[in-house]
Amino acid sequence: METRDWVRDGLRAVAGGALAITLAIANLVLLALVLVALVTVPVLGLGALLLPQVTKLVRLRAEAGRRIAGRWGVPVATPYRPRPPSGGFPGWRPFRWVVTDPATWRDFAWLLPGAIVGLVLGLGSLVIPLYGVQGILLLPLWIWLATGSYGYGATWPITSVSDGFLSLPQGALILAIGLAAAPYLRRGEALFAGLLLGPTRNAELRLRVTQLTVTRADTVDAQAAELRRIERDLHDGAQARLVALGMTIGLAEEMVDRDPATARQLLAEAREASSTALVELRHLVRGIHPPVLAERGLDGAVRALALNLRIPTSVDSDLSERLDTPVESAAYFAIAEALSNVTVHSGATFAYVSVKCAEGRLFLEVGDDGHGGADPSRGTGLRGIERRLAAFDGTMSLSSPPDGPTIVTMELPCALSSPRITLSSGTD
């Protein structure tokens with residue numbers, strides 16, 4: 001690590017130590033509010049109204065602790081149960097919600113030890129570097145004061161001029177030690193926060209069940225919508241043309257003896273209609289599972305997709321083997337939707353696609369140099385990508401600041417299989 005890097009991290013940790021001291025005091029204030037709310041529960045039900053409000057404040061403080069822990073390399077998931085629907089006796093549902101959630105009591109239990117650990121480690125992160133700074137400033141301060149006394153306080157006594165000159169390198173050494181140790185102290189507090197603020201095993205399972213329930217509902221809705229789209233396309237497109245084709249052939253059969261020229265014209269129209277219906281069916285099949293994906297796999301299908309875009313698009317892929325068909329299909333359509341957003345919404349002049357597979361995970365990235373500002377809530381297809389990936393326990397993250405660039409990162413489990421025989425291999 002370069003010198004400026006650890007100095008920067010150290011200064012950031014020192015600032016974090018000052019923040020930790022402030023938050024430790026906030027913990028003590030919140031603990032007092034929690035005790036007041038719990039004590040007043042039997043008193044005319046005041047606590048039933050007060051406790052949910054205090055719990056909101058505690059959860060805000062706990063969420064801040066989780067975010068801070070994440071910044072120091074200790075990600076902590078949010079363990080709370082979903083909020084119940086409104087209704088019933090005012091104040092009862094919120095009170096029952098917070099009281100029956102184990103995460104509430106873990107937050108309460110964390111307040112006091114979190115305050116102690118935060119105060120001790122925060123002071124350590126702050127005091128050691130400041131002590132070093134004091135040693136560095138002693139001699140210049142003494143010269144500036146132009147005093148004949150060589151003593152300076154009780155924390156860093158100076159009894160001679162030589163002591164004053166020695167305080168400078170000693171202070172620099174202590175400052176360096178403090179800056180180097182401060183990030184470790186911050187990480188130690190983050191690890192402690194993760195012990196109480198993170199979800200328990202039961203909470204993780206409960207959250208997982210909730211997530212799977214939502215994912216299953218989204219998948220069912222998406223599949224139903226896809227089936228309706230296919231039915232609509234068949235009814236309005238190929239089916240209508242095939243019905244018209246049958247009627248045209250029937251007319252040709254009636255006219256073949258009486259007016260052969262008209263019959264030949266009708267048969268020519270029927271041939272054109274059959275060609276059009278075949279093209280529409282091919283487009284419909286391509287929307288369900290593109291033939292190029294079945295023949296060439298995800299790598300070839302994405303490259304073919306990039307070639308058909310109106311803006312230059314590079315593809316970087318390290319796939320050497322085929323993926324399972326459902327995973328290939330989900331990844332392909334997710335990339336296709338992201339690239340469609342690029343061409344329609346971004347105003348980009350260049351785009352790229354990255355496809356990597358490592359340790360049983362498929363990592364996809366689609367980026368562009370457009371104007372940015374993408375927002376999933378505006379219906380640009382990003383929600384559809386999230387739902388498609390969620391069916392495979394996948395995730396999507398978006399980085400799209402104003403003025404760009406926009407980067408869509410997707411991840412989902414994958415399993416490589418042996419290369420499959422394709423239609424172009426010449427094998428039946």
Side-chain angles (χ1 to χ4, degrees), residues 204-205 207-230 281-309 313-341 352-367 381-398 407-428:
E204 288 179 346
L205 291 175
L207 293 172
R208 181 63 178 152
V209 169
T210 302
Q211 179 185 7
L212 290 176
T213 301
V214 174
T215 300
R216 183 180 62 181
D218 289 342
T219 302
V220 170
D221 292 342
Q223 289 177 343
E226 185 71 7
L227 289 174
R228 287 193 297 270
R229 181 190 69 82
I230 295 172
L281 285 174
R282 285 174 176 170
H283 282 299
L284 182 61
V285 170
R286 189 176 295 112
I288 299 173
H289 190 77
V292 66
L293 182 61
E295 295 176 3
R296 299 169 56 185
L298 182 61
D299 183 281
V302 171
R303 294 184 187 277
L305 184 65
L307 289 175
N308 292 327
L309 296 179
T313 303
S314 66
V315 178
D316 178 22
S317 172
D318 67 354
L319 295 181
S320 58
E321 299 178 353
R322 297 293 299 269
L323 303 172
D324 286 343
T325 300
V327 175
E328 278 189 340
S329 180
Y332 173 82
F333 283 109
I335 293 174
E337 184 64 42
L339 289 176
S340 175
N341 289 338
Y352 70 89
V353 179
S354 174
V355 181
K356 307 290 182 184
C357 190
E359 299 180 354
R361 306 290 293 182
L362 182 63
F363 301 93
L364 311 173
E365 184 173 297
V366 178
L382 296 174
R383 291 295 187 191
I385 295 176
E386 288 181 332
R387 289 193 296 268
R388 187 182 295 273
L389 297 180
F392 295 85
D393 199 20
T395 59
M396 185 203 76
S397 60
L398 173 68
I407 300 175
V408 180
T409 304
M410 298 164 278
E411 179 182 346
L412 68 161
C414 69
L416 292 172
S417 60
S418 59
R420 301 171 187 174
I421 298 174
T422 64
L423 295 178
S424 60
S425 66
T427 302
D428 293 336

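In what follows, every heavy atom counts, from backbone to side chain, and hydrogens, waters and symmetry copies are set aside. Computed from a predicted structure; not experimentally measured.
Taking each heavy atom of Ala358 and Phe363 in turn, the nearest pair found is O-CE1, 3.8 Å. Minimum interatomic distance between Lys356 and Asp316 (heavy atoms only, all atoms of both residues): NZ-OD2, 3.0 Å. For the residue pair Cys357 and Leu319, the shortest heavy atom distance occurs at CB-CD2, 3.6 Å. Annotation for Ala334 and Leu389: closest pair CB-CD2, 4.2 Å, computed over non-hydrogen atoms. Nearest approach of Leu323 to Glu328, heavy atoms of both residues: N-OE2, 3.3 Å. For the pair Ala306 and Val315, the tightest heavy-atom approach, listed with the atom from each and the gap, is CB-CG2, 3.7 Å.
Taking OG of Ser329 as the start and CG of Asp324 as the end, the distance is 12.0 Å to the nearest 0.5 Å. We find the CG-OG distance between Leu298 and Ser317 to be 6.5 Å, quoted to the nearest 0.5 Å. The structure places OG1 of Thr395 at 6.5 Å from CZ of Arg361, a figure rounded to the nearest 0.5 Å. If you take CD on Glu411 and CE on Met396, they are separated by 13.0 Å, rounding to the nearest 0.5 Å. To the nearest 0.5 Å, atom CG of residue Leu307 and atom OG1 of residue Thr313 are 9.0 Å apart. To the nearest 0.5 angstrom, Met410 atom CE is 5.5 Å from Ile385 atom CD1.
Annotation: side chain to side chain donor-acceptor pair (under 3.5 Å) contacts of Asn308 (sequence neighbours excluded): none. Residues satisfying the side-chain contact (heavy atoms from CB on, under 4.5 Å) criterion with Glu365, sequence neighbours excluded, are Tyr352, Ser354, Ile407, Thr409. For Leu398, the side-chain contact (heavy atoms from CB on, under 4.5 Å) partners are Ala374, Pro376, Leu382, Ser400, Thr406, Val408, not counting sequence neighbours.
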Chi angles and distances behind the side-chain contact (heavy atoms from CB on, under 4.5 Å) call for Asn341, Leu339: CA-CA 5 Å; Asn341 289 338; Leu339 289 176; over 6 Å; no
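Between Asp299 and Val355 there is no side-chain heavy-atom pair separated by less than 4.5 Å.
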